[in-house]
Amino acid sequence: MKTYLLLFFTTILSINCFSQIAFEKGYFINNANQKTECLIKNVDWLNNPTEIKYMLSDHGETQDISIEDIQEFGIYNVSEYQKETVDIDRSTSSLTDLTSDRNPTFKSEYLLLRVLVKGNATLYEYIEDGKLKRYFYSLNDSKIEQLVFKNYELPNSKLGENNMYRQQLWDNLKCSTIKKDKMQYVEYEREDLVKFFVKYNTCENQDFVNYVEKQKKDIFNFTIRPGINSSSLSIQNNSFEYLDTDFGNTVSFRFGVEVENFLPMNRNKWAIIVEPTYQYFKSDMEIEDYKVDVDYSSIELPVGVRHYFNLNENSQLFVNVSYVFDFSGNSVINFDSGRELEINTTNDFAFGGGYKFNKKYSLEVRYLFSRDVLNSYDLWYSDYKTLSVIFGYTL
């Protein structure tokens with residue numbers, strides 16, 4: 001298993017070295033208030049970035065600029081970041097370091113804030129090291145204020161919550177479609193707060209930009225995946241060598257349907273894949289004075305992870321590794337002497353790589369490592385391998 005995983009990640013690193021990095025149209029404003037139009041590398045930052053990479057033209061040199069030298073930057077129709085002086089409470093949420101003080105402790109800092117919803121009411125986000133997460137807001141271009149949420153320790157050592165942000169929203173962002181009894185369900189999370197600010201701006205009939213919605217892509221892909229298998233099977237008997245049989249290679253048809261669930265990070269480059277697949281292997285051999293035939297069909301269930309590499313707007317390379325469960329049903333190996341071996345398989349790994357065009361059409365080559373199809377017999381061993389060429393059409 002370790003060897004397969006090492007092969008997988010080595011391949012990822014190798015392909016990544018040769019993959020063209022996708023840059024998108026954007027801009028930045030430096031501390032001298034000068035705006036530069038450029039192409040910015042969009043890595044869908046999980047934390048607020050400390051620097052950005054940009055090019056001045058399609059074939060220009062990649063350059064770095066520190067956030068300390070920027071007032072604002074954005075990728076058109078995707079994201080926007082603004083540097084502002086705000087009062088922030090950095091109280092910890094670590095259970096071992098909580099205090100009994102429920103009140104926030106503010107400190108004035110110059111921070112880069114991510115704009116989530118921009119409009120009459122604007123919502124901002126600040127994330128540091130994946131642990132500190134704070135939300136801010138402004139109304140009618142007023143001073144930006146933090147929405148306050150704080151954990152604290154109660155006298156009985158239980159966890160208390162200061163949910164002041166709900167009162168802030170109710171006091172300052174009232175509208176006819178917003179009901180007070182529903183405020184208790186607004187959590188201090190991106191999704192809930194974005195929904196609230198979208199609802200308020202819509203209620204006020206104000207133009208706004210929802211950057212979170214603009215960044216969303218398909219969470220799931222459903223793909224039809226027919227293909228061709230080139231499979232080989234050999235069986236050995238530990239007591240009687242004359243029963244050993246090599247069926248050679250057989251070409252057959254396979255058909256699968258794949259569900260691909262994208263992970264919410266790194267620009268939808270990582271996904272979990274599940275692909276129920278029908279496959280079969282039929283062959284017969286005549287060896288000396290006996291005949292052996294195999295009729296093996298099964299439903300395979302590969303469950304794995306896939307990584308994409310963007311070549312350009314319409315082209316992607318991908319690699320994936322899967323653990324393959326096999327459900328063989330009533331499959332057997334028959335000897336004309338009357339001996340019958342029921343096929344009962346082990347599970348194993350598969351490794352694949354391919355190309356996707358226009359996010360619809362794909363071609364993958366996949367290798368299924370050795371599988372024992374006579375797992376329930378002590379005196380028998382088998383070696384079943386498959387190389388597949390898979391065509392895909394994403395609905």
Side-chain angles (χ1 to χ4, degrees), residues 1 3-4 7-8 223-258 273-304 320-354 362-393:
M1 177 177 176
T3 302
Y4 300 155
L7 176 62
F8 172 63
T223 304
I224 299 172
R225 287 167 60 87
I228 298 172
N229 285 348
S230 176
S231 305
S232 65
L233 174 63
S234 62
I235 61 174
Q236 296 88 38
N237 186 283
N238 293 332
S239 297
F240 304 101
E241 290 187 5
Y242 71 90
L243 294 176
D244 294 354
T245 308
D246 187 348
F247 293 94
N249 278 79
T250 297
V251 176
S252 60
F253 179 76
R254 54 94 71 193
F255 182 81
V257 289
E258 179 187 82
I273 53 174
V274 179
E275 184 188 357
T277 304
Y278 171 76
Q279 68 90 34
Y280 67 92
F281 180 91
K282 291 184 180 181
S283 184
D284 59 76
M285 292 292 293
E286 290 188 13
I287 300 178
E288 295 182 356
D289 57 348
Y290 70 93
K291 181 179 179 181
V292 187
D293 67 80
V294 57
D295 187 354
Y296 167 38
S297 62
S298 70
I299 298 296
E300 294 180 339
L301 185 64
V303 179
N320 42 252
V321 63
S322 302
Y323 188 70
V324 183
F325 300 90
D326 188 72
F327 306 94
S328 55
N330 298 319
S331 298
V332 294
I333 298 175
N334 285 309
F335 294 80
D336 61 4
S337 62
R339 180 190 298 270
E340 181 179 281
L341 300 175
E342 181 180 352
I343 290 180
N344 182 21
T345 70
T346 57
N347 305 318
D348 216 311
F349 284 90
F351 178 79
S362 61
L363 178 66
E364 178 184 341
V365 177
R366 179 183 296 178
Y367 181 70
L368 174 70
F369 293 92
S370 179
R371 172 193 296 168
D372 185 4
V373 302
L374 298 176
N375 185 48
S376 57
Y377 296 93
D378 293 334
L379 296 178
W380 288 91
Y381 172 75
S382 65
D383 185 15
Y384 181 77
K385 300 175 183 177
T386 300
L387 180 67
S388 303
V389 178
I390 307 168
F391 306 92
Y393 178 76

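The residues of the chain are indexed from 1 along the displayed sequence.
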Nearest-0.5 Å distance, CG of residue Asn237 to CG of residue Leu379: 6.0 Å
Flag, side chain of Asn238 to backbone of Trp380, donor-acceptor distance under 3.5 Å: no
Under the side chain to side chain contact (heavy atoms under 4.5 Å, CB included) test, residues paired with Asn344 that sit two or more places apart: Ser376
Spatial distance of atom CZ (Phe247) from atom OG (Ser232) [nearest 0.5 Å]: 11.5 Å
Short side-chain to backbone donor-acceptor contact, Asp326 and Thr346, under 3.5 Å: no
For Tyr384, ring-ring contact (aromatic ring centres under 6.0 Å, His included) partners two or more places apart: Phe281, Tyr296
Contact check, side chains of Ile273 and Pro302, non-hydrogen atoms, under 4.5 Å: no
Least distance between heavy atoms, Thr345 atom then Ser328 atom: CG2-CB, 4.3 Å
Whether Thr223 side chain and Gly392 backbone form a donor-acceptor pair below 3.5 Å: no
Considering all heavy atoms, the nearest Leu233-Ser382 contact: CD1-CB, 4.2 Å
For Ser362, all residues meeting side chain to side chain donor-acceptor pair (under 3.5 Å), sequence neighbours excluded: none
From Glu364 atom CD to Ile390 atom CD1, the distance as rounded to the nearest 0.5 Å: 4.5 Å
Side-chain heavy atoms of Thr277 within contact of Arg225, under 4.5 Å: no
Under the side chain to side chain contact (heavy atoms under 4.5 Å, CB included) test, residues paired with Leu387 that sit two or more places apart: Val365, Tyr367
Residues in salt bridge (charged side-chain N to carboxylate O under 4.0 Å, His left out) contact with Asp383, at least two apart in sequence or another chain: Lys385
Glu300: partners by salt bridge (charged side-chain N to carboxylate O under 4.0 Å, His left out), with sequence neighbours left out: Arg371
Ser388 side chain reached by Leu368 side chain, heavy atoms, under 4.5 Å: no
Heavy-atom closest pair, residues Val294 and Ile333: CG2-CG1, 3.7 Å
Side chain to side chain contact (heavy atoms under 4.5 Å, CB included) between Phe391 and Leu363, worked out: CA-CA 5 Å; Phe391 306 92; Leu363 178 66; 3.5 Å; yes
Between CG on residue Asp284 and OG1 on residue Thr245, distance to nearest 0.5 Å: 11.0 Å
Shortest non-hydrogen contact from Glu340 toward Asn334: OE1-OD1, 3.1 Å
Heavy-atom side-chain contact between Leu301 and Val274 under 4.5 Å: yes
Point-to-point distance, once rounded to the nearest 0.5 Å, from CD of Glu258 to CG of Asn320: 7.5 Å
Residue pair Ile343 / Asp295: nearest heavy atoms and the distance that separates them: CD1-O, 4.5 Å
Side chain to side chain contact (heavy atoms under 4.5 Å, CB included) partner of Phe369, chosen from Val324, Thr386, Asp348: Asp348
ring-ring contact (aromatic ring centres under 6.0 Å, His included) against Phe327, all qualifying residues, sequence neighbours excluded: none
Residues that Ser230 engages under side chain to side chain contact (heavy atoms under 4.5 Å, CB included), provided they are two or more places apart: Asn249
ring-ring contact (aromatic ring centres under 6.0 Å, His included) partners of Phe325, counting only residues at least two apart: Tyr323
Contacts of Phe253 that satisfy side chain to side chain contact (heavy atoms under 4.5 Å, CB included) - sequence neighbours left out: Pro226, Phe255, Tyr280
Partners passing side chain to side chain donor-acceptor pair (under 3.5 Å) against Thr250 (at least two apart in sequence or in another chain): none
Contacts of Arg254 that satisfy salt bridge (charged side-chain N to carboxylate O under 4.0 Å, His left out) - sequence neighbours left out: Glu275
